[in-house]
J.: 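Please read through the structure below; I'll follow up with questions.
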Amino acid sequence: LTCDWSSDVCSSDLLFFGPKVASLRNVGGKTLIPLPPPLVQVGTGLPGALGWLSRPSAPRCGACPLAELATLLFAANGVTEVRRLGGETVYLRAAPSAGALYPVEVYLVNVGAGELAPGVYVYVPQEHGLLPVAGAYDARAWARALGFSEGAVVSGPVVVFTTVFQRTVWKYGSRSYRYVVLDAGHAVANFWLVASALSWPVEVTPFFADPEVEALVGLSPDEEGVVAVGVFGRLPGEPRLLPAFSEVRVTGDWEREELTRLSHRLTRWQWTEGEPWVWQPRWVATAASGHGPDLLQLIKNRRSYRRFSPQPLSSGQLATLLSRLEPMAALVPGGTGVEVRAVVVRDEALSPGVYRWWPGEGGLQLVKSGSFGRALYRAGFSQELLERAAAAVVFSLDEQTLASTFGRRGFRVGLLATGMLGEVVYLAAGEVGLRACGVGAFADNELSALLELPEGTSPVYLVALGKE
């Protein structure tokens, strides 16, 4: 699960596996349900959406209007620009993706309220429409699959986030499981933030019985895995009583299985007999302050930018950006197992060095002083954008903390939380006038040494920052 890369073992045998597959679902000849255009704006900025997450007020109830559902689906996986790159048409999305490969699929499970018939639909980004994939809705079956108490029903819409493994595996091989779950985290964060901006109470959860959700959506688990589920009608951060779980047994010649699919199989859950347990946030988040640009405009305008200028970060930009992480880190399951550090290269207010970010009043704490731009560049396999970056926010997983609560599932939960936090960094960068680019390719051991990470904590993602 925690297979790493080091600069002396990276080879083409490690990077490539299997045939290239398209990043879009082929819907030729199938009847789609067109969706209304997404809203132009949601009326609040990133601080407002994060503030509502941490302090929900006047949550809405009833059927979500189709125009707002369309906006939520667009924010998660919609097309924001079409480009021609290398002779191919590329549909750039609202959420970033490693290599612009877009493995994430978003399914809407409708209970029958509102303007859609009950059933399961998949969102088709290039058409901004819905394709029916299952015509039945079983409220009790969904409640069981999501671990709600016996007799409960799920009465609001459900949004299921999956990842199609081969869309990323063909290019990134054994590194791909990190990337596909991080990509799902980006999409989930956009969905959750926009839902909060519109005052819809939604619980985002990585806790479910995988085989049951796969069957309800109609997935082939060898090709596509469920990563997260959003449930309307539940306030974010509410404590959740969950059944006892066990990992689904992996059978067959698993030692010869492709590593991304194997990693997902190793982290699948099923409910079992035993003592139930409670998930709840570990701390109360401080509400974000400020206004900033409209959240939906930030999402639409976000791009991965690589050609940073030599300018330093302005005073307060990094501190404001990191403060936006706190509500998400507090509320997303696995957030307490994600450690955040920053490599500061050029900043008007901060001396160069490695810093650790602590939520709450802790802020930034200097770990070691020095100019580490070249060391970051070398650890990142000499990617030019890392040489240009004024700073980088690095996310690492505390493997023991995650495993002690979630077993092997902890790795998946931690990656999802990291992807969600990474998307907040992207959006906060746009809010404060910076550019950002996510990076997952680096030598784990070199980056760990640079950050002075404790044993059992591994870097999994970084977001480079700078100005145009």
J.: Assess whether salt bridge (Lys or Arg N to Asp or Glu O under 4.0 Å) is satisfied between Arg324 and Glu326, documenting all intermediate values.
T.: CA-CA 6 Å; Arg324 301 296 186 244; Glu326 186 172 340; over 6 Å; no
J.: Ignoring hydrogens and angles, tell me if any N or O in the side chain of Ser458 forms a donor-acceptor pair with the backbone of Leu397 under 3.5 Å.
T.: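 No, Ser458 side chain to Leu397 backbone: no donor-acceptor pair under 3.5 Å.
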J.: Looking at Glu203, Met328, Glu423, which hits side chain to side chain contact (heavy atoms under 4.5 Å, CB included) with Trp192?
T.: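 Among Glu203, Met328, Glu423, the one meeting side chain to side chain contact (heavy atoms under 4.5 Å, CB included) with Trp192 is Met328.
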J.: Minimum heavy-atom separation for Ala429 and Leu465, please, with both atom names.
T.: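 Closest pair (atom of Ala429, atom of Leu465, distance): CB-CD2, 4.1 Å.
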J.: May I ask you to decide if Pro96's main-chain N or O and His186's side chain share a donor-acceptor pair within less than 3.5 Å?
T.: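 Confirmed, His186 side chain pairs with Pro96 backbone.
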J.: Do NZ/NE/NH1/NH2 and the carboxylate oxygens of Glu105 and Arg167 come within less than 4.0 Å?
T.: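 Yes.
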J.: Using only atom types and a distance under 3.5 Å, with no angle test, would you say the side chain of Arg346 pairs donor to acceptor with the backbone of Pro310?
T.: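 Checked: pair present.
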J.: Main chain of Ala95, side chain of Asn77: is a donor-acceptor contact present, judged purely on distance under 3.5 Å?
T.: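 Not at all, since once roles are kept as given, no pair shorter than 3.5 Å links the two residues.
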J.: Between Arg178 and Thr418, does any side-chain donor sit less than 3.5 Å from a side-chain acceptor?
T.: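 Side chains of Arg178 and Thr418: no pair found under 3.5 Å.
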J.: Considering non-hydrogen atoms only, spot the tightest contact between Pro206 and Pro333 and give its length.
T.: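 Where Pro206 meets Pro333 most closely, the heavy atoms are CD-CG, 3.6 Å.
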J.: I need the Leu24 CG to Thr89 OG1 distance, nearest 0.5 Å.
T.: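 Result: 10.0 Å between the selected atoms.
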J.: Using salt bridge (Lys or Arg N to Asp or Glu O under 4.0 Å), reason through Glu81 and Arg93 one step at a time and then give a plain yes or no.
T.: CA-CA 7 Å; Glu81 186 180 348; Arg93 310 289 179 83; over 6 Å; no
J.: Output yes when a side-chain donor or acceptor of Glu258 lies under 3.5 Å from a complementary backbone atom of Thr260, and no otherwise.
T.: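 Looks like yes, one N/O pair under 3.5 Å.
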J.: Taking C-beta and beyond as the side chain, do Phe165 and Pro103 meet within less than 4.5 Å on heavy atoms?
T.: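 Heavy-atom side-chain distance check fails, nothing below 4.5 Å.
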J.: Would you kindly check if the NZ (Lys) or CZ (Arg) of Arg240 is within the cone defined by 45 degrees around the ring axis of Trp279 and under 6.0 Å from the six-membered ring centre?
T.: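 Verdict for Trp279: no cation-pi partner in Arg240.
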J.: Dump the intermediate steps for ring-ring contact (aromatic ring centres under 6.0 Å, His included) on Tyr123 and Phe74, then the final yes or no.
T.: CA-CA 9 Å; Tyr123 178 60; Phe74 170 83; 8.0 Å; no
J.: Less than 3.5 Å apart, any donor N or O on the side chain of Ser314 or Lys467 sitting next to an acceptor on the other?
T.: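 Note: Ser314 and Lys467 side chains meet the donor-acceptor criterion.
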J.: As a quick check of understanding, evaluate salt bridge (Lys or Arg N to Asp or Glu O under 4.0 Å) for Arg306 and Glu387, giving each step before the final call.
T.: CA-CA 10 Å; Arg306 295 169 175 81; Glu387 188 174 36; over 6 Å; no
J.: Could you walk me through whether Thr80 and Arg303 pass side-chain hydrogen bond (donor to acceptor under 3.5 Å, both in side chains), step by step?
T.: CA-CA 10 Å; Thr80 54; Arg303 286 289 174 268; 3.1 Å; yes
J.: Indicate yes or no for a side-chain donor-acceptor contact from Asp294 to the backbone of Gln41 under 3.5 Å, with no hydrogens or angles considered.
T.: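 Checking the backbone N and O of Gln41 against the side chain of Asp294, no donor-acceptor pair under 3.5 Å is found.
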J.: Establish, yes or no, whether the cationic atom of Arg341 lies under 6.0 Å from the six-membered ring centre of Tyr461 and within 45° of the ring axis.
T.: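 Ring-cation test returns no.
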J.: For the pair Tyr179 (side chain) and Gly440 (backbone), establish whether a donor and an acceptor sit closer than 3.5 Å, ignoring hydrogens and angles.
T.: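 Yes.
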J.: Could you tell me which non-hydrogen atom of Ile33 sits nearest to which non-hydrogen atom of Pro132, and how far apart they are?
T.: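 The answer is CD1-CG, 4.2 Å.
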J.: Quick one: closest heavy-atom pair of Trp170 and Val21, and the distance?
T.: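 For Trp170 versus Val21, the nearest heavy atoms are CD1-N, 4.0 Å.
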J.: So, Asp183 and Ser97: side-chain donor and acceptor under 3.5 Å apart, yes or no?
T.: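 Per modelled atom types, Asp183 and Ser97 side chains form a pair under 3.5 Å.
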J.: For Asn110 and Leu116, indicate whether the former's side chain and the latter's backbone hold a donor-acceptor pair under 3.5 Å.
T.: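 Yes.
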J.: Working to the nearest 0.5 Å, report the span between CZ of Arg412 and CG of Leu416.
T.: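 Atom-to-atom, Arg412:CZ and Leu416:CG are 9.5 Å apart.
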J.: Is the Phe17 to Tyr172 ring centre distance short of 6.0 Å?
T.: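 Centroid distance Phe17-Tyr172: not below 6.0 Å, so no.
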J.: Could you tell me whether Arg388 sits above the aromatic face of Phe308, with NZ or CZ closer than 6.0 angstrom to the six-membered ring centre and within 45 degrees of the axis?
T.: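 So Arg388 doesn't make the cation-pi contact.
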J.: If we ignore hydrogens and angles and just use 3.5 Å, is the side chain of Tyr377 paired with the main-chain N or O of Ala379 as donor and acceptor?
T.: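 Side chain of Tyr377 to backbone of Ala379: no pair is present.
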J.: Examine Arg356 relative to Trp358 and say whether NZ or CZ is less than 6.0 Å from the centre of the six-membered ring and inside a 45° cone about the ring axis.
T.: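 Yes.
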J.: Are the aromatic rings of Trp269 and Phe207 close, with centres under 6.0 Å apart?
T.: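 For Trp269 and Phe207, the ring centres are under 6.0 Å apart.
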J.: Closer than 3.5 angstrom, by distance alone: can the side chain of Ser54 be matched with the main-chain N or O of Gly51 as a donor-acceptor pair?
T.: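 A pair under 3.5 Å: yes.
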J.: Taking all atoms of both residues into account, what is the closest heavy-atom pair of Arg234 and Glu238, and its distance?
T.: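 Minimum heavy-atom separation between Arg234 and Glu238: NH2-OE1, 3.6 Å.
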J.: ring-ring contact (aromatic ring centres under 6.0 Å, His included), that's the test. Do Tyr107 and Phe161 meet it? Break it down for me.
T.: CA-CA 7 Å; Tyr107 293 83; Phe161 296 83; 9.8 Å; no
J.: On a heavy-atom basis, which atom in Asp347 and which in Leu318 lie closest, and how many Å separate them?
T.: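 Scanning both residues, the minimum pair turns out to be OD2-CB, 4.1 Å.
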J.: Please check if atom CZ in Arg60 has more than 12 non-hydrogen atoms from other residues, nucleotides or ligands closer than 6.0 Å.
T.: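 It does: Arg60 CZ has more than 12 such atoms within range.
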J.: Does a donor on one side chain sit under 3.5 Å from an acceptor on the other, for Glu339 and Trp357?
T.: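 Distance-only check fails for Glu339 and Trp357.
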